[in-house]
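Since the structure comes first, as structure tokens, the remarks are kept for the end.
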Protein chains: 4
Amino acid sequence: MRKLDPVKHEKKRQEILGAAMRCFLCSGLKGASTADICAEAKISPGHLYHYFDSKDAIVASLIEGRLEKVAEQLKAGIQSESSIVETLAPELEAQPGGAAAMALIFDMMAESKRNPEMGKIVDSHNRSIRESLVEMLRYGQSRGEVEGKLDLEVTATTIMALMHAAKVVAMQNPKEADKALPVLRQLLGHLLTTPAESAKAGPPRTKKTVARVRA
Amino acid sequence: MRKLDPVKHEKKRQEILGAAMRCFLCSGLKGASTADICAEAKISPGHLYHYFDSKDAIVASLIEGRLEKVAEQLKAGIQSESSIVETLAPELEAQPGGAAAMALIFDMMAESKRNPEMGKIVDSHNRSIRESLVEMLRYGQSRGEVEGKLDLEVTATTIMALMHAAKVVAMQNPKEADKALPVLRQLLGHLLTTPAESAKAGPPRTKKTVARVRA
Amino acid sequence: MRKLDPVKHEKKRQEILGAAMRCFLCSGLKGASTADICAEAKISPGHLYHYFDSKDAIVASLIEGRLEKVAEQLKAGIQSESSIVETLAPELEAQPGGAAAMALIFDMMAESKRNPEMGKIVDSHNRSIRESLVEMLRYGQSRGEVEGKLDLEVTATTIMALMHAAKVVAMQNPKEADKALPVLRQLLGHLLTTPAESAKAGPPRTKKTVARVRA
Amino acid sequence: MRKLDPVKHEKKRQEILGAAMRCFLCSGLKGASTADICAEAKISPGHLYHYFDSKDAIVASLIEGRLEKVAEQLKAGIQSESSIVETLAPELEAQPGGAAAMALIFDMMAESKRNPEMGKIVDSHNRSIRESLVEMLRYGQSRGEVEGKLDLEVTATTIMALMHAAKVVAMQNPKEADKALPVLRQLLGHLLTTPAESAKAGPPRTKKTVARVRA
DNA sequence: CATGAATGAGTATTCATTCAT
DNA sequence: TATGAATGAATACTCATTCAT
């Protein structure tokens, strides 16, 4: 009778996390209440706190889980013998789960900028993902797949941004996505094989400059 | 909601929108309360409803205003004699307001995916922005600035992806934005001047394919 | 239409404080909920926070009000030409309001030792009451009513303790109170007119010492 | 609630009571939760109810224990050959545990005024303590230590007031307790050796009477 | 136009207690 | 004995919104 089933405990935890995810997908991070989550998980409101310290802890758990999965997949890709473009291809596609999943990701990104606790989690995982990408790129350089003079940190940052942007655009323009995503992959290929330009974006055709955006 | 002096009324409306924006930047869309906004705008809580039907109406107004500004600037850029890269440059630069402004944009995107009312606004503006981009590209083709064989719809979609990528960089890696944003501009230049590849992303080094990501 | 009736606001505040006091008398500081108070004051639960920042703020207001009244009465007594024993006599009686009021005072004393915020309020008022007593005693010395060699600070502390103790005993032994309270007044008279003994409590009759009490 | 080994059962009970006391000292009667107590006692929340019917039962047990100890010590003092002043001295000294212990005592007194169950316990013990004091005083009269004409019931009540005064000093002015408590002991000495005055508290200096305090 | 009093459903969280194992 | 999962009502407090003035 020592620790009657820590495995059962973990299972319930995961059940609750699942219920929470479903709620968050429907109503957003702030829109879903702990009461909603409890109802979805079919537990009493108090019982939630047997498994999590707070609603934030649930969100943090969810974010962490998500980022861990991404990081794992990336590392797996690195260890495979695939080319970088090939390895990253799945990330340059629509977010499975569609618009709701994407909205939740936006929520999480926004939240992580406001809640320092979550900011830490997200930052640390982003860093770890970036490091994986850098490693992947360095290996790519050794194989000749990646241009040798590239700043790998900056390139990794750019790749992460493209990965995210691809998902957004696939969501906003599902009709064009089939054609636009390959273009993004092509841009990725260009990015990896072209030395950075020396801070000039090509000779401007005209002299007239545009009023700066004030948004 | 009926106004005696339409000019003063509109002016106050804008003041309130400004106050709301400041609150939202600090605390997020759900985090800022109408009470916060009223305090910031120095009006009484009841008075807010002389200018807006609801908090959501304020948010919608703000989103609409933001998107309108972007659309206007694009159209202005088209009519000017600037190059496309130059015209789009402001959208590919560090945004004023920094990470907080980006977080708010993500908040708004999340909200627009959940609230159909706002979804409509965002969708219609996105469409209009895409159309402007297409027009701009077409004009660019006529000037020889843009590769003639490009599918302009797809290219516009891709440009929007790049614009989004810039926002992600600004939010997640504000420190590296100085270096990564020029890379995005360079990719834009490449995009405009290179004919689309025929669905191959360069010769894959190996045959092994990666398991599809299920994030 | 400037500040429509700050007097009405204060009146409502006092009404709420009254309702809160009634609730606290019935159920204690922790036992009475904000919902109880709102029900008693016949306002909605949210409206309470129009008038008070928190439940603690209500308690603090109540404590402060109570202590202010005591302090005022003391000062009034000092300015009158009554003798000290006479002036303090009303304080050496049963607590009006009976056992419930006494219980609430206990609650407040306990609370003030745990909640630093309230500790400050209580301490500062106690200090002010002690200062009034010291002043009163000093004046009594000048009139010859109070022994000149007394340490007035210590005497004031002792008087405050007696004031409190009198109320407690009157509550616990209402039957004996009529006779016991005059005895306490007599002890007070003795206290004021007898020089402090030099740390000996008179010659002990026997040598045997008692085992020390353990709490 | 049935026990297999009554000795072990009682031992555990005492352990839990100790843990509860520690919690109550820290956080107060209502502030400490059963969960806190279980954690401190290192038992599971359910197990607590093998030893006590409820949280209130724990509090009642604690109060009873405390009062019993005081009563016992008094009785022990009576049987010893010590003087009364000496016997009562421990009750007129700084209590171990300091202000927190005093706060808890006040908590308990407040509780006993509201919860009839506990009120009974406290009342019955107070009665028994008064009886012990009366007996002690009677014996003191027979030895000549106590003035013969004193009304012993009233004197006992007054002594209890002084004991309470000591607690107030210990709580509100722990720094001055060193000086004020001997004064209380001195008052006790005076009380025991001085015949009651005939309802006059010394010659009032003026005729003016003070308005009755309505605090 | 403008105020701020008023609402009441809703928020996350706590807690004494019960119960199956 | 002992565990800890489970409950559900209760807690202090928030907030978008309405309304009398």
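Both backbone and side-chain heavy atoms feed into the values below; hydrogens, waters and symmetry mates do not. As the structure is a computational prediction, the values presented were derived from the model and not from experiment.
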Checklist entry - Considering only F:dT17, F:dC15, E:dC15, which nucleotide approaches the side chain of D:Ser33 most closely? => result E:dC15

Checklist entry - With sugar-phosphate meaning primed atoms plus P, OP1 and OP2, does A:Ala32 contact a base, only sugar-phosphate, or nothing at under 4.0 Å between heavy atoms? => result sugar-phosphate

Item to check | Distance, C1' atom - from E:dC1 to F:dT21, rounded to whole angstrom | outcome: 13 Å

Item to check | Spacing of A:Asp5 atom CG relative to F:dT3 atom C1', expressed in whole Å | outcome: 12 Å

Checklist outcome for this item: DNA chain F nearest-nucleotide lookup for C:Asp53 and D:Lys42: closer to the 5′ end is D:Lys42

Checklist entry - Quick one: B:Arg13 CZ to E:dC1 P, roughly how many Å, whole number? => result 13 Å

Checklist entry - Has D:Tyr49 got a side-chain N or O lying under 4.0 Å from the OP1 or OP2 atom of E:dT17? => result yes

Item to check | OP1 or OP2 of E:dG4 under 4.0 Å from side-chain N/O of B:Ser44 | outcome: no

Checklist outcome for this item: Comparing D:His47 with B:Ser54, nearest DNA chain F nucleotide closer to 5' gives the residue D:His47

Checklist entry - Mapping A:Lys30 and C:Lys12 to their closest nucleotides on DNA chain E, which lands nearer the 5' end? => result C:Lys12

Checklist entry - Mapping A:Leu29 and B:Ile43 to their closest nucleotides on DNA chain E, which lands nearer the 5' end? => result B:Ile43

Checklist outcome for this item: For B:His9 and B:His50, the nearest pair of non-hydrogen atoms, with its separation, is CE1-O, 3.6 Å

Checklist entry - If we call it a pair only when both distances are under 3.5 Å in a Watson-Crick or G-U wobble match, what pairs with E:dA2? => result F:dT21

Checklist entry - At their closest point, which heavy atom of C:Gly28 faces which heavy atom of C:Asp107, and how far apart are they? => result CA-OD2, 3.3 Å

Next on the checklist: Looking at A:His9, I'd like to know whether one of its side-chain N or O atoms comes within less than 4.0 Å of OP1 or OP2 on F:dG4.
Outcome noted: no

Checklist entry - In terms of ring plane angle, is the pair B:His47 and B:Tyr51 parallel, tilted or perpendicular, where the classes change at 30° and 60°? => result perpendicular

Next on the checklist: Any donor-acceptor pair, under 3.5 Å, between the side chain of B:His50 and the base of E:dA2, if you only look at N and O atoms?
Outcome noted: yes

Item to check | D:Tyr51 side-chain N/O to F:dT1 phosphate OP1/OP2 under 4.0 Å | outcome: no

Next on the checklist: Suppose we define a pair by two distances each less than 3.5 Å, Watson-Crick or G-U wobble; what does E:dC15 pair with here?
Outcome noted: F:dG8

Checklist entry - What heavy-atom pair brings B:Ile43 and B:Lys12 nearest, and what distance separates the two atoms? => result CG2-CE, 3.6 Å

